[in-house]
Amino acid sequence: MKNAETPVVKLALYGATSSLGSALMAESLRRQHEVIAILDDLTALAPRPGLRTKGGNLFDADGVQQSVAGCSAVICLLDAPGLPGSAMPGRVADPLAQVQAADALVAGLQAAKVQRLVLVGNFAILDDPPVYTSLPHHAAEEILEALRSSPLDWTLVNAPRSVAGLGIEHFNQVGDNLEPGLAEPLRRLNGVAVGINDELRLNLHLREHVEFVGIHENG
């Protein structure tokens, strides 16, 4: 039961069916947040208290606006396979498509008057020496510039190593009795999910680029 004094936090999540998406849903629901998973297939997730599914197109500003209206914050996992509205269903969007998604997010959130955005993706490449012939590096730079030019309260997060096939039920039992080989990735991804939720709760690292190592952040 939700405490009457607990502020209602309504999160829109793009990339919910990925392993990090599952970790984020589990942690956010533990904190009694309302989670709205934006999906192409509204039956992709089993019903559970506090979780809703909603359709939408991440690659279109109007679609983003309609999907996130009324939310407190948006978390988008740009490197997740099968983002809603993708031209490559079930696959990770290419760098140019990720730039398109980021532009749609920036415009859609402003139109919906949603201020807080956590954007997760292949942004560790920004920490390497520039390689101007590299499309991923160029795309990451474009995304960062779009965020810097916006009035949003954003945090850019380096995507952690992921493990296919991990669902929300795995992250509801982080600890004992785990299948062999799952303990480390589950704890690592759970740590990132805890860190991202803390970013939202405490308004940490606004307009900054961060990486989570275990449960710690490096700005």
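- Using a 4.5 Å cut-off between side-chain heavy atoms of Ile, Leu, Val, Met, Phe, Trp and Tyr, with links allowed through other members, Leu109 and Leu13 fall into different hydrophobic clusters.
- Taking all atoms of both residues into account, the shortest heavy-atom contact from Leu189 to Pro160 is CD2-CG, 3.7 Å.
- Between Ile125 atom CD1 and His138 atom NE2 the span is 12.0 Å, to the nearest 0.5 Å.
- Looking only at side-chain heavy atoms (C-beta outward), Leu119 and Cys76 come within less than 4.5 Å of each other.
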Decide side chain to side chain contact (heavy atoms under 4.5 Å, CB included) for Leu78 and Ile143; before the verdict, give the C-alpha distance in whole Å, the side-chain angles of both, and the deciding distance to 0.1 Å.
CA-CA 11 Å; Leu78 272 182; Ile143 291 170; 3.9 Å; yes
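- Using a 4.5 Å heavy-atom threshold, the side chains of Pro84 and Ile38 count as touching.
- A heavy-atom distance below 4.5 Å is not found between the side chains of Leu144 and Phe123.
- Between the CG atom of Asn203 and the CG atom of Asp198 there is a distance of 12.0 Å, given to the nearest 0.5 Å.
- Summarising the geometry of Ser18 relative to Pro81, their closest heavy-atom pair is CB-CD, 4.4 Å, with the distance given to 0.1 Å.
- The structure places CG of Asp94 at 9.0 Å from CD of Gln100, a figure rounded to the nearest 0.5 Å.
- Put simply, the side chain of Val120 does not reach to within 4.5 Å of the side chain of Val192, judged on heavy atoms.
- The closest donor-acceptor contact from the side chain of Ser67 to the backbone of Gly55 lies under 3.5 Å.
- The shortest distance between side-chain heavy atoms of Arg48 and Asn172 falls below 4.5 Å.
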Decide side chain to side chain contact (heavy atoms under 4.5 Å, CB included) for Leu126 and Glu141; before the verdict, give the C-alpha distance in whole Å, the side-chain angles of both, and the deciding distance to 0.1 Å.
CA-CA 7 Å; Leu126 292 170; Glu141 289 278 10; 3.8 Å; yes
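- In this structure, the side chain of Ser19 does not engage the main chain of Ser162 through any donor-acceptor pair within 3.5 Å.
- The distance from atom CG of Leu166 to atom OG1 of Thr17, rounded to the nearest 0.5 Å, is 12.5 Å.
- In plain terms, the two heavy atoms of Asn190 and Phe171 that are nearest each other are N-CE2, 4.1 Å.
- Around atom NZ of Lys54, more than 12 heavy atoms belonging to other residues, nucleotides or ligands sit under 6.0 Å away.
- Judged by distance alone, the side chain of Asn158 and the main-chain N or O of Ala124 form a donor-acceptor pair under 3.5 Å.
- By the criterion of side-chain heavy atoms lying less than 4.5 angstrom apart, applied directly or through intervening Ile, Leu, Val, Met, Phe, Trp or Tyr residues, Ile36 is not grouped with Val9; the two fall into different hydrophobic clusters.
- For Glu27 (side chain) and Val194 (main-chain N/O), no donor-acceptor pair under 3.5 Å exists by modelled atom type.
- Listed for the Arg207 side chain is a donor-acceptor partner under 3.5 Å among the backbone atoms of Leu152.
- The distance from atom CD of Gln98 to atom CG of Asp79, rounded to the nearest 0.5 Å, is 7.0 Å.
- Heavy-atom minimum distance, Leu77 versus Gly15: CD1-O, 3.5 Å.
- Residues Leu206 and Arg116 form a side-chain contact, since some pair of their non-hydrogen atoms from C-beta on lies under 4.5 Å apart.
- Of all heavy-atom pairs spanning Val8 and Ser72, the tightest one is O-OG, 3.9 Å.
- Looking at Asp60, its side chain never comes within 3.5 Å of a backbone N or O of Ala104 through a donor-acceptor pair.
- Rounding to the nearest 0.5 Å gives a distance of 7.5 Å between CD of Glu142 and CG of Asp103.
- Of the possible polar contacts, one joining the Gln110 side chain to the Val106 backbone as a donor-acceptor pair under 3.5 Å is found.
- Both Val157 and Leu200 belong to a single network of hydrophobic side chains, linked directly or stepwise wherever heavy atoms of I, L, V, M, F, W or Y lie under 4.5 Å apart.
- Around CZ of Arg161, the count of heavy atoms belonging to other residues, nucleotides or ligands within 6.0 Å does not exceed 12.
- Leu24 places none of its side-chain heavy atoms less than 4.5 Å from the side chain of Leu11.
- Tyr14 and Leu20 end up in different hydrophobic clusters when Ile, Leu, Val, Met, Phe, Trp and Tyr side chains are linked at under 4.5 Å.
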Start with the C-alpha distance between Asn197 and Ser28, add both sets of side-chain angles, then the distance that settles side chain to side chain contact (heavy atoms under 4.5 Å, CB included), and finish with yes or no.
CA-CA 7 Å; Asn197 271 278; Ser28 298; 3.1 Å; yes
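- Of the possible donor and acceptor atoms, one in the side chain of Gln115 sits under 3.5 Å from a partner among the backbone N and O of Pro151.
- For the residue pair Ala159 and Asn122, the shortest heavy atom distance occurs at CB-N, 4.4 Å.
- Following chains of ILVMFWY side-chain contacts shorter than 4.5 Å, one cannot reach Phe59 starting from Leu39, and the two form parts of different hydrophobic clusters.
- Residues His205 and Leu156 fail the side-chain proximity criterion, which asks for heavy atoms closer than 4.5 Å.
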